[in-house]
Amino acid sequence: MARPDHATRQAQPSPVDRAGGGQPLVTLENLTFGYPGGETILEDLDLRVRQGEFLALLGPSGCGKTTIMNLVAGFVRPRQGTVVFDGAPLRGINTRVGYMTQGDTLLPWRTVAKNVQLPLEIRATPRARANQLVDSYLGMLHLSDARDRFPSELSGGMKRRALLARSLIYEPAMLLMDEPFAALDAQLREALHRELLSTVAQLRQTVMFVTHDISESILLADRVIVLGTQPAGILAEVVIPFGADRDLAEIRLSNEYLGLERKVRDLLRQ
Amino acid sequence: MTTTNRLAAEPTAVGASERRPVPRKRRESGLTNTRLWLWRIFLVVAFVVCWELASGRIVSELMVSRPTAVAERLWTWITDGTLGEHILVTAQATGLGFALGAGAGMLVGYITASFRRFGDVVEPAMTALYTMPRLALAPLFILWFGLGMQFRVIFASVIVFFLVYFNTHFGVKDVKGELIAAVRLMGASRREVAIKVVIPSALVWVAAGFKLSVPYALIGVVVGEMLASDQGLGYLLQRSANQFNASGTFATIITLLVIALLLDFILTRLTGRFLGWRSKGALNPL
Ligand SMILES: Nc1ncnc2c1ncn2[C@@H]1O[C@H](COP(=O)(O)OP(=O)(O)O)[C@@H](O)[C@H]1O
Ligand SMILES: [Mg+2]
């Protein structure tokens, strides 16, 4: 697999202890949130995502997972408490994160390559450097052959990969993913899980991943935070010991995985 | 606005499986291209032949003339320069009226959609003006601008203005908030959001507004010429009809038809350069 020249762009702990140490990259402290005029959705939430870890937020639909992501992205402001990002309280939109949602936010009038290049245009990256980055990210996500296609000419999986490339190309400190594969069939989702894990391992990317799918959270994350409903609070935290270069097919059949799944399922049932 | 809505409907993406092939060019009529064109030409030829045969037998030639007489009239007008002269006058007014109306329509539409509060204040007035039959404005405009070219240009531009205005306004408003949020997160300023997202996204609608309003610009000018002018195709039409000259009337109508088709063709080619992506993929409506 093509390895981008900036693969080790962040000074981070080795992948082995990525769930362990590491400086907190984002900290939500005593955070309370409700939409204007609405009831409280999050109350006294404390949450920390460490540098280099893959954190999954797991919870039932409507419990406030997307809201947490929007807080970290700076699209909404907390009623009380703060979002501290990389040591400083967040003000305005957080341009240091990449954000991939379930929606299709590729610009339909731009080709795949031009879509992936968009963040670099906005950041005024020099032409030569930009072209080089686009090539390496398209290569990494197996999109080189589709570079000149328009989004309407892509399959669902290709769109997901193009969105992933676009979210990563500007080297965000953290990648936010809000049920990014929810609309895909099981087989395709499995392929994309593998692709995501290898990309994240290569880039040592910090990820905050939202899902309501128990197995997805266990298969991907280093740590799963289980959320309850209304106002949302943390029910439990489960450390997943599989490490960065895990083999998904193998894990899925292991007793360890089955035990974790049962444990999380019980937690959610409370 | 049902017409424009339909014309500018967003292309819908359909969740497809990973192995979906690259879609081929659509051929849904079930006819090969050559056959399709042969049938189309046949239809026109059949119509002309029926017209020729019916004229003087079933319908009075005084009313419908006949294709050969119309062709003769057209040929005379082309060779003696009459047609060229009148076409030039009409084309100038149409082009100018379209450019003015479309330019103003895009500008105002962009502003009312971008600045919500201002738009909320202005919108009802715009809708009221739009629903008013614009032909009724003609006498007022004659009063203001006299009988010359100026009147026709302004009359046409007012008609074009509203069509382009509404398409631009709704086009800009229709831009998916999701797209804007995504680009904002990449660090885009307000200006960059406009250039990279809002304008290209609204362009589909604006182009639909253009396509819709070109024939109206022509109609506006021709009606203006019919009402008050001694030049242009509208004048030629009016004069021929007043003189019970059916061949002249039909010759002018056919000329107008050709001009309208030509304008539509040019516009489609021009906007196609920017909207090429719309025809890619299997499921786009346009
Ligand atoms: N823009 C909004 N305005 C008001 N209420 C909202 C808005 N977005 C979400 N909510 C409410 O906030 C709660 C949490 O929503 P959300 O964060 O989207 O949940 P999840 O992503 O976990 O499904 C839900 O009850 C939802 O109805
Ligand atoms: Mg959600």
Side-chain angles (χ1 to χ4, degrees), chain A residues 69-70 72-75 92-111 114-115 117-124 142 145-146 148-161 163 166-167 169-170 172 176 182-185 187-192, chain B residues 8-26 171 174-207 271-286:
Chain A
M69 298 297 247
N70 285 339
V72 176
F75 287 142
I93 286 180
N94 188 352
T95 56
R96 295 190 54 210
V97 297
Y99 197 172
M100 184 173 161
T101 60
Q102 196 180 324
D104 176 7
T105 57
L106 293 170
L107 304 182
W109 54 88
R110 280 175 173 250
T111 59
K114 291 275 180 200
N115 260 293
Q117 186 192 307
L118 181 64
L120 304 179
E121 280 171 31
I122 288 167
R123 280 152 197 256
H142 306 108
D145 292 338
D148 294 324
R149 288 204 212 161
F150 288 94
S152 59
E153 301 173 288
L154 299 181
S155 68
M158 288 162 115
K159 278 188 186 173
R160 297 285 102 197
R161 284 186 270 135
L163 284 163
R166 195 183 69 181
S167 310
I169 197 167
Y170 55 103
L176 306 176
L184 305 176
D185 60 72
Q187 229 181 329
L188 188 49
R189 185 161 37 207
E190 211 177 297
L192 282 161
Chain B
E10 270 286 312
T12 42
V14 169
S17 81
E18 180 76 338
R19 263 173 280 282
R20 192 176 120 197
V22 185
R24 282 170 299 127
K25 280 261 156 60
R26 199 175 38 148
D174 185 56
V175 178
K176 287 202 297 188
E178 233 183 342
L179 294 188
I180 295 176
V183 178
R184 291 279 284 142
L185 206 70
M186 295 170 199
S189 63
R190 224 185 131 90
R191 200 181 67 94
E192 281 170 319
V193 169
I195 292 171
K196 306 268 184 210
V197 183
V198 177
I199 291 172
S201 171
L203 216 55
V204 180
W205 288 66
V206 175
T271 51
R273 287 192 51 183
F274 297 100
L275 301 177
W277 59 272
R278 296 264 301 157
S279 56
K280 303 279 178 147
L283 296 154
N284 287 332
L286 281 183

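Residues Y99(A) and L185(B) approach most closely at CB-CD2, 3.1 Å, considering heavy atoms.
Residue A183(A) does not touch chain B at all, counting heavy-atom pairs closer than 4.5 Å. Looking at R166(A), only its side chain comes within 4.5 Å of chain B, counting heavy atoms on both sides. Heavy atoms closer than 4.5 Å to chain B are found in the backbone of L106(A), but not in its side chain. Contact of T101(A) with chain B is made through the side chain alone, with heavy-atom distances under 4.5 Å.
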M186(B) and E121(A): CA distance, side-chain angles, deciding distance, side-chain contact (heavy atoms from CB on, under 4.5 Å) verdict: CA-CA 10 Å; M186(B) 295 170 199; E121(A) 280 171 31; over 6 Å; no

Check against side-chain contact (heavy atoms from CB on, under 4.5 Å), V204(B) and W109(A): CA-CA 10 Å; V204(B) 180; W109(A) 54 88; over 6 Å; no

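For the atom pair CG (D104(A)) and CG (L179(B)), the distance works out to 8.0 Å, reported to the nearest 0.5 Å. Separating the CG atom in L107(A) from the NZ atom in K196(B) is a distance of 10.0 Å, to the nearest 0.5 Å.
Looking at residues two or more places apart in sequence or on another chain, you find a side-chain contact (heavy atoms from CB on, under 4.5 Å) between A188(B) and I122(A), V183(B), E192(B), V193(B).
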